[in-house]
Protein chains: 2
Amino acid sequence: MEMEKNINIKSIADRLGVSTASVSNALNDKGRIGEDLKKRIIETATELNYKQNIIAKTLKIKKSWIIGVLIPEMLFEYFFQIIIGMEEIATEKDYTLVFANTHYDSEKEIKDINKFLRMLIDGLIIIGGSGEINHISKFIDNTPTVLIARHLNNDNISYPSVFYDDRAAQINAVSYLNNLGHKNIGYVGIMPAENIQITNIELRKRGYMDGLKINNLKFNSQNLFFKSSHEYVSNLDNVYDFLKNNLFIENFQQMPTAILCQNDYIAIALIKILMEKGIRVPNDVSVMGFDNLVISNYTNPALTTTKQPKKELGVVGINLLLDIIENKSVNRKKILLPTNIIERASTAKV
Amino acid sequence: MEMEKNINIKSIADRLGVSTASVSNALNDKGRIGEDLKKRIIETATELNYKQNIIAKTLKIKKSWIIGVLIPEMLFEYFFQIIIGMEEIATEKDYTLVFANTHYDSEKEIKDINKFLRMLIDGLIIIGGSGEINHISKFIDNTPTVLIARHLNNDNISYPSVFYDDRAAQINAVSYLNNLGHKNIGYVGIMPAENIQITNIELRKRGYMDGLKINNLKFNSQNLFFKSSHEYVSNLDNVYDFLKNNLFIENFQQMPTAILCQNDYIAIALIKILMEKGIRVPNDVSVMGFDNLVISNYTNPALTTTKQPKKELGVVGINLLLDIIENKSVNRKKILLPTNIIERASTAKV
DNA sequence: TTGTATGCGTTATCAA
DNA sequence: TTGATAACGCATACAA
């Protein structure tokens with residue numbers, strides 16, 4: 001096996017007896033070079049199988065074509081749909097995505113962002129997470145950043161962001177159920193861990209409460225199930241186990257005729273639990289989810305739920321970020337995406 | 001706003017009146033430096049909020065702590081479970097993953113690998129895809145590479161790899177159904193596009209055929225549904241639509257008492273289609289999947305299926321790769337992971 | 001149009 | 001133990 005020497009612009013320059021400057025100019029299609037020499041350089045480059053070293057280029061021009069993406073957990077579909085949307089656009093525009101899983105941990109967020117900055121990322125996308133932003137604002141202020149579906153506690157702080165309105169969506173859900181004739185509507189939600197606070201989850205619950213008020217339905221605290229888990233609850237199996245151990249249908253004061261859920265996983269698990277107890281959905285009780293997972297159309301009964309534009313969150317988010325990166329003017333834009341109710345078979349008139 | 005100058009090792013060196021060499025040695029905990037100076041350097045570094053530039057370091061020492069990962073499609077759960085497994089280990093060992101979606105396209109594979117190499121990745125992981133490897137072997141031979149769940153056409157070619165046996169698993173599935181008393185077993189599979197060839201899919205189908213033989217059941221070509229789609233079929237909705245338009249249950253010669261499927265999506269879609277026609281599962285026909293998606297325990301009826309160790313594929317794969325990167329000796333290892341049948345409610349005795 | 005020379009931030013060699 | 005300096009591969013300001 002022959003010793004394979006690294007081919008760089010100097011290899012090409014030497015081979016042709018020209019300067020590296022000319023090689024660089026030729027290969028990057030800058031103007032300052034003659035057509036003839038340019039052609040010879042490009043020929044030699046392909047002949048030698050030259051590959052531009054992105055790392056060196058990045059060091060020189062301070063552009064990496066890397067976008068850092070912060071995800072709070074590796075949850076199926078919800079986050080991955082967002083990522084899929086981003087990936088298509090990023091690839092198309094020759095950017096590379098790198099991910100970090102922050103586990104809803106502020107310390108980890110700081111650590112991950114620091115790592116990204118040391119990699120000279122061109123921009124940052126933060127998906128979901130807590131309502132807190134102060135601990136990372138000093139980084140964000142110096143780096144093009146877009147927030148996706150992250151609701152900040154402090155409304156005065158504003159960052160470029162793409163989001164949908166969890167609260168308004170759940171208000172709509174309550175109204176939808178009310179229109180079906182349900183006057184006694186329960187709610188099932190889970191905070192996936194005790195020490196974290198996820199604004200989206202709070203907002204969905206508040207939407208339920210406000211929805212009752214707006215529809216002139218009375219709130220009954222017995223019919224609100226909202227617990228934190230001490231162990232991390234995220235996937236369907238976890239959710240099922242948690243509800244199985246913590247939610248006692250018989251504890252509902254006056255069994256609700258409809259139960260609104262924080263998300264589809266909870267709805268799907270709840271339906272399974274109800275059916276195991278011989279409670280029929282929607283005959284005995286209507287169940288409504290939130291997220292519109294792909295699978296929710298294939299459960300039995302198919303799930304009525306609220307669809308938020310997951311993939312579009314990613315697409316719009318990355319486009320916004322790339323606009324900011326390539327043209328500083330579009331900063332501080334906030335984009336609200338719509339939600340809508342997908343009516344299926346898990347809800348019925350009463 | 002003050003002009004924020006980049007803090008580098010020279011900033012620290014200048015501040016203390018020492019050389020950059022000493023700063024580097026101190027910060028990287030190399031030996032050649034006095035304890036006293038080292039302490040002062042580290043203090044100054046934190047004081048100035050110094051962040052090491054990974055790009056410059058990578059250029060110098062030719063190590064990026066980046067692992068490139070090739071995925072053939074953004075399919076939920078199957079690939080994402082693998083990724084989740086990898087991500088945990090990679091993060092733990094301070095590596096960063098970058099992904100490329102090859103869309104089962106050889107040209108794109110070459111392009112993506114080239115991009116990775118230009119980023120000076122430390123290693124490459126290739127998940128799934130076609131049975132062909134020649135077009136990228138020249139890259140792989142010079143870069144630590146691990147194949148995950150990619151079955152090569154040519155058995156003579158050997159790369160470090162982690163996999164499970166699709167064919168053997170489907171043979172087991174046929175035997176399982178046979179033991180339930182099913183003698184007329186159908187099969188439903190889809191090749192997601194016409195011009196691509198995915199070895200795993202071929203192997204699963206072959207497992208069905210071989211399984212019949214081994215169990216002394218006769219093969220009836222009328223009961224094998226295996227079509228290519230001209231449009232890309234991957235997610236559950238696609239699969240449902242495709243089957244709805246192409247699979248006519250009544251065309252089965254002598255309706256099978258059990259139908260084995262290529263994957264869980266197909267099984268779930270098939271069950272929905274059967275139920276829409278009033279055919280009961282498992283009373284009228286048993287249906288068996290492959291993959292054991294999380295959701296498959298929550299369908300109604302819950303799905304009997306074959307579980308392959310998705311997350312473990314990722315964990316074992318990345319560990320193997322990191323071993324190769326850090327210690328060239330473990331090369332050319334092939335690791336076979338077991339599969340097992342998860343018995344649920346979609347199959348019954350006949 | 002082309003070449004010379006410098007620097008991006010780091011590590012590493014060699015000399016002091 | 002410490003410092004001066006070259007080198008990684010590239011782009012660019014400036015000179016020719």
Side-chain angles (χ1 to χ4, degrees), chain A residues 4-42 44-45 48-66 94 114-122, chain B residues 4-42 44-45 48-66 94 114-122:
Chain A
E4 187 91 16
K5 207 184 153 300
N6 250 353
I7 305 295
N8 51 34
I9 55 173
K10 184 146 190 310
S11 321
I12 300 173
D14 288 351
R15 168 75 78 101
L16 290 173
V18 301
S19 72
T20 58
S22 291
V23 175
S24 177
N25 284 328
L27 263 26
N28 289 297
D29 211 22
K30 307 273 171 164
R32 1 169 214 281
I33 190 157
E35 275 309 316
D36 182 54
L37 178 53
K38 179 174 168 181
K39 201 178 144 217
R40 284 163 56 217
I41 287 174
I42 291 176
T44 310
L48 293 180
N49 196 26
Y50 166 76
K51 306 246 180 290
Q52 188 186 53
N53 183 316
I54 303 181
I55 298 293
K57 182 170 190 151
T58 295
L59 178 60
K60 177 63 187 172
I61 70 174
K62 295 281 148 53
K63 178 161 179 65
S64 62
W65 292 271
I66 296 178
D94 274 323
N114 259 317
K115 175 179 157 189
F116 284 164
L117 294 180
R118 300 203 295 130
M119 294 175 72
L120 308 188
I121 55 164
D122 290 342
Chain B
E4 187 89 18
K5 208 183 152 302
N6 250 352
I7 305 295
N8 53 34
I9 54 173
K10 185 147 189 310
S11 321
I12 301 173
D14 288 351
R15 168 75 78 101
L16 290 173
V18 300
S19 73
T20 59
S22 290
V23 176
S24 178
N25 284 330
L27 263 26
N28 289 296
D29 212 22
K30 308 271 172 164
R32 359 168 214 284
I33 188 155
E35 275 310 315
D36 183 54
L37 178 53
K38 178 174 169 181
K39 200 177 145 219
R40 284 162 56 219
I41 288 175
I42 291 175
T44 311
L48 293 180
N49 195 26
Y50 165 77
K51 307 247 179 290
Q52 188 185 52
N53 183 317
I54 302 181
I55 298 293
K57 182 169 189 156
T58 295
L59 177 61
K60 179 62 188 174
I61 70 173
K62 296 281 149 51
K63 177 160 180 65
S64 62
W65 291 272
I66 295 178
D94 273 324
N114 259 316
K115 175 179 156 188
F116 284 164
L117 294 180
R118 300 204 296 130
M119 294 174 73
L120 307 188
I121 55 165
D122 290 343

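In what follows, chains are A, B, ... by sequence order, proteins preceding strands, each numbered from 1.
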- Message: Restricting to side chain to side chain contact (heavy atoms under 4.5 Å, CB included), what partner residues turn up for N8(B), sequence neighbours left out?
- Response: K10(B), S11(B)
- Query: side chain to side chain contact (heavy atoms under 4.5 Å, CB included) with Y50(B): which of I42(B), T44(B), I7(B), I41(B)?
  - Reply: I7(B)
- Could you please spell out the steps behind the side-chain contact (heavy atoms from CB on, under 4.5 Å) verdict for W65(A) and M119(B)? CA-CA 11 Å; W65(A) 292 271; M119(B) 294 174 73; over 6 Å; no
- Message: Which heavy atom of A45(B) sits nearest to which heavy atom of L27(B), and what is that distance?
- Response: CB-CD1, 4.2 Å
- Walk me through it: do K62(B) and N6(A) pass the test side chain to side chain donor-acceptor pair (under 3.5 Å)? CA-CA 12 Å; K62(B) 296 281 149 51; N6(A) 250 353; over 6 Å; no
- Item | Dot-bracket encoding per residue of DNA chain D, Watson-Crick/G-U cut-off under 3.5 Å, | denoting interstrand | ||||||||||||||||
- Note on the structure: Footprint ends on DNA chain C, 5' to 3', for atoms under 4.0 angstrom from a heavy atom of chain B, come out as dG9(C) to dA12(C)
- Flag if over 12 foreign heavy atoms under 6.0 Å of NZ, K39(A): no
- Item | A13(A): partners by side chain to side chain contact (heavy atoms under 4.5 Å, CB included), with sequence neighbours left out | V18(A), T20(A), V23(A)
- Task: Scan nucleotides 2-11 of chain D nucleotide by nucleotide, 5' to 3', and note B when protein non-hydrogen atoms come under 4.0 Å of the base, S if they reach only the sugar-phosphate, - if neither.
- Result: BBBB-BBBBB
- Query: Could you walk me through whether I66(A) and T58(A) pass the side-chain contact (heavy atoms from CB on, under 4.5 Å) check?
  - Reply: CA-CA 10 Å; I66(A) 296 178; T58(A) 295; over 6 Å; no
- Can you see which heavy atom on Q52(B) is nearest to which on R118(A), and at what distance? O-CD, 3.0 Å
- Task: Not counting sequence neighbours, list each pair that qualifies as a salt bridge (Lys or Arg N to Asp or Glu O under 4.0 Å) and has a residue in residues 15-24 of chain B.
- Result: R15(B)-E47(B)
